[in-house]
Amino acid sequence: MILNKEKECMSRDEIKALQNERLKWQVERMYNKVEIFRKRMDEKGLKPSDIKGVDDLSKLPFSYKQDLRDYYPYGLFAVPLKDIVRVHASSGTTGKQIVVGYTKHDLEIWSECMARQISAAGGTADDFVQVCYGYGLFTGGLGAHDGATYLGATVIPASTGNTQRQIQTMVDFGSTILCCTPSYCMYLAEELKKQNLIDKIKLKAAICGAEPWTEEMRKQIEETLNIKAYDVYGLSEIMGPGVSYECECQQGMHVNEDNFIPEIINPDTGEVLPYGEKGELVFTTITKEGFPLIRYRTRDICSLNPEKCSCGRTFIRMNKPTGRSDDMLIIRGVNVFPSQIEEVLLKYCSLGITTNYQIVVDRVNNTDTLDVFVEMAPDLFADDMASIENLQKTLQEKLRSALGIGAKVTLVNPNSITRSEGKAKRVIDKRKLS
Ligand code: DLL
């Protein structure tokens, strides 16, 4: 269901006109309030009056995660600290944490954006939304929570952890919508199935994000739980969950373009790429007061799809991010995204493997090695060495043809790979540790 047709179904001309106005407003105020932005504009010989609208976006300087570290904690805020009503933080995989801040108005917009997602997933005031993203400095818990509250649904703020209690809560409280990472959703689905509880739950949808996941993973979640699973995207620097949201068509995520302008660029040259081409996603926040960013380099790799969506929403769609440019593994000179490996593995689940896997990259005698450990399904093959070896061989062949390099596949015992309640940790790159 479309939450607000007037906003989500504007004509493209109306969207552009709105973005033009909002971009000009944002550039002007940031020039006056954010030192690094003013400095970069001056270096380019640009004044706010040079920016007449979206067509001038590519003239503006990029911003980077490093800026958030350099100006830690509050150096990029564009309002007095008394107007900031909440901060969130993210530690990421490298370096110290980064801090972002929201005004009351920013939180209202965020709630509305997230409510659009829940509504698109069929949510209404009648729903029970179990939020098992982490509550705290991570944006997942409170972001989904506020979106559900905006909609008038009943929030079950379960947060992460204690899988048995999550399951009990889902059964007893009659949760109808689940918000969690796709890997945790899959884990919950496996547990519910194992405990013969699928018939006892009222779940109709899951809203999953915070990490890349594949169509195969979606299929597994949907089939196991008998629900629809929707992809939601966001990042702390821009807003948290709800920067873009998937509609009932499940063909990419609509970017909340009344608040964020997306671009795809060539990550090496910075050149803007045409719609449809894959590259690095860049966002400009045009309504954010507390912590605005212009042309922020997300490092996420995806493409934009401007085609009209049959749901009626007119916001541009972004395709599923396949990974981050900084997650990309270079193995023996070949670029490998973990999602490519997942895609292959998930295709062969019916042969007796599960969705739990770990990728280990190392360097032995100056040569990169790629090991993929995959859990076997509990009731399959455990004693049948010939079948295990055959399956390993099959997976190795499939991986070689998908990746263009060889990988060693080892099937391991069920439940031997550690589960994560938040973002899954799929890759161990020992080359970085040494
Ligand atoms: O993960 C915000 C979020 C919470 C999004 C809950 C969705 C649901 P960060 O911890 O700052 O924020 O991580 C942001 O996670 O740049 C992507 O690399 C990745 N990511 C987020 N959503 C998706 C998604 C939250 N749907 C980083 N698909 C982003 C692929 C995603 N990657």
Side-chain angles (χ1 to χ4, degrees), residues 64-65 68-69 87-95 97-100 102 110-111 113-114 116-118 120-121 129-148 159-160 177-185 206-215 217-218 221 229-247 250 252-256 260 262 267 278 280-283 291 293 296-303 317-328 337-340 342-343 420-427:
Y64 307 86
K65 188 150 198 171
L68 280 79
R69 298 203 182 100
V87 291
H88 278 282
S90 151
S91 51
T93 43
T94 49
Q97 64 178 353
I98 51 137
V99 179
V100 296
Y102 303 79
W110 184 8
S111 311
C113 287
M114 192 56 208
R116 287 176 186 171
Q117 168 70 88
I118 301 172
V129 181
Q130 183 167 340
V131 179
C132 11
Y133 287 119
Y135 278 66
L137 289 172
F138 177 56
T139 52
L142 284 167
H145 183 112
D146 287 351
S159 196
T160 52
I177 296 179
L178 184 64
C179 296
C180 61
T181 56
S183 50
Y184 192 57
C185 191
I207 299 173
C208 300
E211 64 188 10
W213 54 309
T214 51
E215 283 305 324
M217 180 90 135
R218 188 207 304 268
I221 291 173
Y230 297 89
D231 197 0
V232 62
Y233 170 88
L235 64 165
S236 319
E237 299 92 303
I238 298 301
M239 195 179 70
V243 171
S244 64
Y245 61 110
E246 204 169 53
C247 66
Q250 296 179 304
M253 294 173 276
H254 291 279
V255 176
N256 277 303
F260 313 107
K278 227 178 184 189
E280 182 181 343
L281 181 62
V282 170
F283 278 113
F291 183 82
L293 283 170
Y296 180 70
R297 307 267 308 245
T298 66
R299 297 277 161 204
D300 288 321
I301 302 294
C302 71
S303 59
R317 282 171 287 167
M318 54 180 266
N319 292 317
K320 263 181 178 310
T322 45
R324 297 171 53 80
S325 59
D326 45 10
D327 275 356
M328 188 180 76
F337 285 99
S339 61
Q340 290 175 287
E342 178 173 308
E343 213 165 304
S420 164
E421 289 149 359
K423 299 184 194 235
K425 290 185 189 64
R426 302 284 197 202
V427 182

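The structure displayed is predicted, hence computed values, not measured ones. Atoms within each ligand, like the ligands themselves, are counted from 1 in listed order.
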Test of understanding: given a 4.0 Å heavy-atom threshold, classify the contact between E211 and ligand 1 as side chain, backbone, both, or neither.
backbone
Would you check if there is a donor-acceptor pair between the side chains of D300 and Y233 at a distance under 3.5 Å?
yes
From atom 21 (C) of ligand 1, work out which of S90, G141, G234 has a heavy atom at the shortest distance.
G234
Considering residues at least two apart in sequence or located in another chain, which fulfil the salt bridge (charged side-chain N to carboxylate O under 4.0 Å, His left out) criterion with R426?
none
Note: ligand 1 atoms sitting under 4.0 Å from heavy atoms of G209 are 7 (C), 8 (C), 26 (N)
Ranked by distance from atom 10 (O) of ligand 1, the top protein heavy atom is K423 NZ, 3.0 Å
Whether Q117 side chain and M114 backbone form a donor-acceptor pair below 3.5 Å:
no
If you have a sec, work out which protein heavy atom is nearest atom 20 (N) of ligand 1 and how many Å separate them, to one decimal?
A210 C, 3.5 Å
Is the closest N or O pair between G140 and ligand 1 shorter than 3.5 Å?
no
Any sub-3.5 Å donor-acceptor pair from R324's side-chain atoms to T298's backbone N or O?
yes
Are any side-chain N or O atoms of W110 and backbone N or O atoms of P241, one a donor and one an acceptor, separated by less than 3.5 Å?
yes
Where is the nearest protein heavy atom to atom 29 (C) of ligand 1: which residue, which atom, and how far?
D300 OD2, 3.2 Å
Nearest 0.5 Å please: distance from the OH atom of Y296 over to the CD atom of E237.
3.5 Å
Is there a polar contact between ligand 1 and Y133, counting only N or O atoms under 3.5 Å apart?
no
Based purely on interatomic distance, does D231 place a nitrogen or oxygen under 3.5 Å from a nitrogen or oxygen of ligand 1?
yes
Proximity winner for atom 3 (C) of ligand 1, if only heavy atoms of P212, P321, S236, P241 are counted:
P241
Is the contact between L235 and ligand 1 made by the side chain, the backbone, both, or neither, using heavy atoms and a 4.0 Å cut-off?
both
Tell me, please: is R299 in heavy-atom contact with ligand 1, that is, under 4.0 Å?
no
Centroid separation H88 to F138 less than 6.0 Å
no
On a heavy-atom basis, the closest approach of C113 and M239 is CB-CE, 3.7 Å
For R218, which residues count as a salt bridge (charged side-chain N to carboxylate O under 4.0 Å, His left out) partner, sequence neighbours excluded?
E215, E246
Please check whether T298 reaches ligand 1 - meaning an N/O of the residue sits under 3.5 Å from an N/O of the ligand, judged on distance alone.
no
